[in-house]
There are 2 protein chains.
Amino acid sequence: MDKKILFNKCITLLTSVHRVTHELTQNAKSESITPVQYKILEYITVSQPVTPSDISDCQHMSMSNTSRELKKLSEKNLIKKISDTEDRRKQYICLSKDGEALMNEAFAKVELRFLDRIRNASKEDLQEIDRSLDILQTKLFY
Amino acid sequence: MDKKILFNKCITLLTSVHRVTHELTQNAKSESITPVQYKILEYITVSQPVTPSDISDCQHMSMSNTSRELKKLSEKNLIKKISDTEDRRKQYICLSKDGEALMNEAFAKVELRFLDRIRNASKEDLQEIDRSLDILQTKLFY
DNA sequence: TCATTTACTTATCAAATGATAAGTAAAAGG
DNA sequence: CCTTTTACTTATCATTTGATAAGTAAATGA
């Protein structure tokens, strides 16, 4: 196995994944939030509850900027902050009802587009895709 | 095959791909260019020669902003503009020597990190990864 | 030939983002 | 206790990015 060829193949896939991600998600987010805020909400959605520090680490932004964006999301009533009872410096961030509604709507659009993308795939194709997702998830994108 | 489960699995992979892309590329780009300028150079690298319109379409930015960024990249001597001899409104954009050097350096860093990521993979693992990349490229991220 | 379209440029403005510094309050550790 | 560290906040500023409008020059097409 030539690792150089594998590298190029991987780069090609990365490029395609980013293009398809854009196709699946374009205009999915509400216009009332910025791209950064959407990414934060997306992260909260799949990982809640999370602390501001978690967000700062995973979204690669400074604590000060994270704090600012969370404040804005709070003002838009999209998230809830819950103080840790043990360590009162810590906070747990969750989606509010409004935040959940907003993200459900976005995810529904993305899912529709995903289903459209695989609508012509045969049963065998779907099984191959499923297996490939598992392999890449565990062996390459761990 | 439950398409809903497949969708969730796919979203998980997308998230992982974006995270790993960040890990592979962080600090790979020169500090003398902005993220948007790096994305443009990356696109030119794999697709050259390209027109400003191509860049505008593929990078999802307006022609005016594309033009501005290309001007900055020109001023930094990272790209060359070549006029089309047939249609003199058109331009073809290529990397300059400096641009090539800059991108080679960036890609070399990314490749090293990629090789490190798969250094513990067995021969069989690599073959499975290779095959999975092919399948997803053709059947999902086409 | 002359209006229209295409490809790209320039200028300008607002908004989003990144970076830094200084601060608060609570916990941890000697 | 008291110093240090941690978790987070607030304020400020520069830069980047997005969006819009007006323009040039060449090609297209009736």
Side-chain angles (χ1 to χ4, degrees), chain A residues 18 22 25-44 47-76 78-94 102, chain B residues 18 22 25-44 47-76 78-94 102:
Chain A
H18 286 266
H22 183 269
T25 58
Q26 70 179 327
N27 311 323
K29 80 163 182 61
S30 156
E31 286 184 8
S32 62
I33 54 174
T34 69
V36 168
Q37 286 166 9
Y38 179 78
K39 291 303 287 179
I40 291 174
L41 287 182
E42 207 176 54
Y43 174 64
I44 298 173
S47 310
Q48 63 186 335
V50 295
T51 65
S53 301
D54 293 335
I55 296 170
S56 172
D57 290 346
C58 294
Q59 301 297 306
H60 317 105
M61 54 197 300
S62 67
M63 266 303 290
S64 52
N65 289 336
T66 303
S67 185
R68 173 182 58 195
E69 297 309 322
L70 289 177
K71 192 181 175 192
K72 289 181 183 170
L73 288 171
S74 264
E75 285 165 355
K76 291 174 184 176
L78 297 172
I79 60 170
K80 287 180 296 189
K81 297 183 179 183
I82 300 158
S83 297
D84 188 319
T85 47
E86 309 243 304
D87 183 342
R88 293 195 298 158
R89 290 170 307 177
K90 283 189 188 168
Q91 296 180 1
Y92 292 105
I93 314 286
C94 292
L102 186 141
Chain B
H18 286 265
H22 183 266
T25 58
Q26 72 180 328
N27 311 324
K29 79 163 185 63
S30 155
E31 286 183 8
S32 61
I33 55 174
T34 69
V36 169
Q37 286 166 9
Y38 180 77
K39 291 304 285 180
I40 291 174
L41 288 181
E42 207 175 55
Y43 174 64
I44 298 172
S47 309
Q48 63 185 336
V50 295
T51 65
S53 301
D54 293 335
I55 296 170
S56 172
D57 290 346
C58 295
Q59 302 298 304
H60 315 106
M61 55 197 300
S62 66
M63 267 301 291
S64 52
N65 289 337
T66 303
S67 185
R68 172 181 60 195
E69 297 311 321
L70 289 177
K71 190 181 175 192
K72 288 181 184 170
L73 288 171
S74 264
E75 285 165 354
K76 290 174 182 176
L78 297 172
I79 59 170
K80 287 181 297 190
K81 297 182 178 181
I82 300 160
S83 297
D84 188 320
T85 47
E86 310 240 307
D87 183 341
R88 293 193 300 161
R89 289 170 308 178
K90 284 189 187 165
Q91 295 179 0
Y92 292 105
I93 313 286
C94 292
L102 186 141

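Here is the naming used below: chain letters follow the sequence lines, and residue numbers restart at 1 for every chain.
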Student: Once you apply a heavy-atom cut-off of 4.0 Å, does B:Thr34 come out as touching a base, just sugar-phosphate, or nothing?
Tutor: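 The residue B:Thr34 makes sugar-phosphate contact but no base contact.
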Student: Give me the first and last nucleotide of DNA chain D, going 5' to 3', that has any atom under 4.0 Å from a heavy atom of chain B.
Tutor: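 Here the contact window of chain B covers D:dT16 to D:dA27.
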Student: What nucleic acid atoms does A:Glu69 come within less than 4.0 Å of, heavy atoms only: base, sugar-phosphate, or nothing?
Tutor: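 Nothing: the residue A:Glu69, judged by heavy atoms under 4.0 Å, touches no strand.
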Student: Between B:Glu75 and B:Lys72, does at least one N-O distance fall below 4.0 Å, as a salt bridge requires?
Tutor: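 Between B:Lys72 and B:Glu75 there is no salt bridge, as every charged N stays at least 4.0 Å from the carboxylate O atoms.
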Student: What nucleic acid atoms does B:Asn65 come within less than 4.0 Å of, heavy atoms only: base, sugar-phosphate, or nothing?
Tutor: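 Answer is base: heavy atoms of B:Asn65 come under 4.0 Å of a base.
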Student: Could you check A:Ser53 against A:Met63 for side-chain contact (heavy atoms from CB on, under 4.5 Å), going step by step and ending with a plain yes or no?
Tutor: CA-CA 7 Å; A:Ser53 301; A:Met63 266 303 290; 4.2 Å; yes
Student: Looking for any heavy atom pair under 4.0 Å, which part of the strands does B:Gln37 touch: base, sugar-phosphate only, or nothing?
Tutor: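 No contact at all - B:Gln37 keeps every heavy atom at 4.0 Å or more from the nucleic acid.
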Student: Kindly write out the residues that satisfy side-chain contact (heavy atoms from CB on, under 4.5 Å) with B:Asp57, not counting sequence neighbours, or none if the list is empty.
Tutor: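 For B:Asp57 there are no side-chain contact (heavy atoms from CB on, under 4.5 Å) partners, ignoring immediate neighbours.
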Student: With sugar-phosphate meaning primed atoms plus P, OP1 and OP2, does A:Ser64 contact a base, only sugar-phosphate, or nothing at under 4.0 Å between heavy atoms?
Tutor: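 If one applies the 4.0 Å heavy-atom cut-off, A:Ser64 turns out to touch a base.
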Student: Base, sugar-phosphate, or nothing: which does B:Glu86 touch, judged by heavy atoms less than 4.0 Å apart?
Tutor: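 Touches sugar-phosphate only.
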Student: Reckon B:Lys39 touches a base, only the sugar-phosphate, or nothing at all at heavy-atom distances under 4.0 Å?
Tutor: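 B:Lys39: no heavy atom of the nucleic acid under 4.0 Å.
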Student: Could you measure the distance from the NZ atom of B:Lys80 to the CD atom of B:Gln91? Nearest 0.5 Å is fine.
Tutor: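 Between atom NZ of B:Lys80 and atom CD of B:Gln91 there are 14.0 Å.
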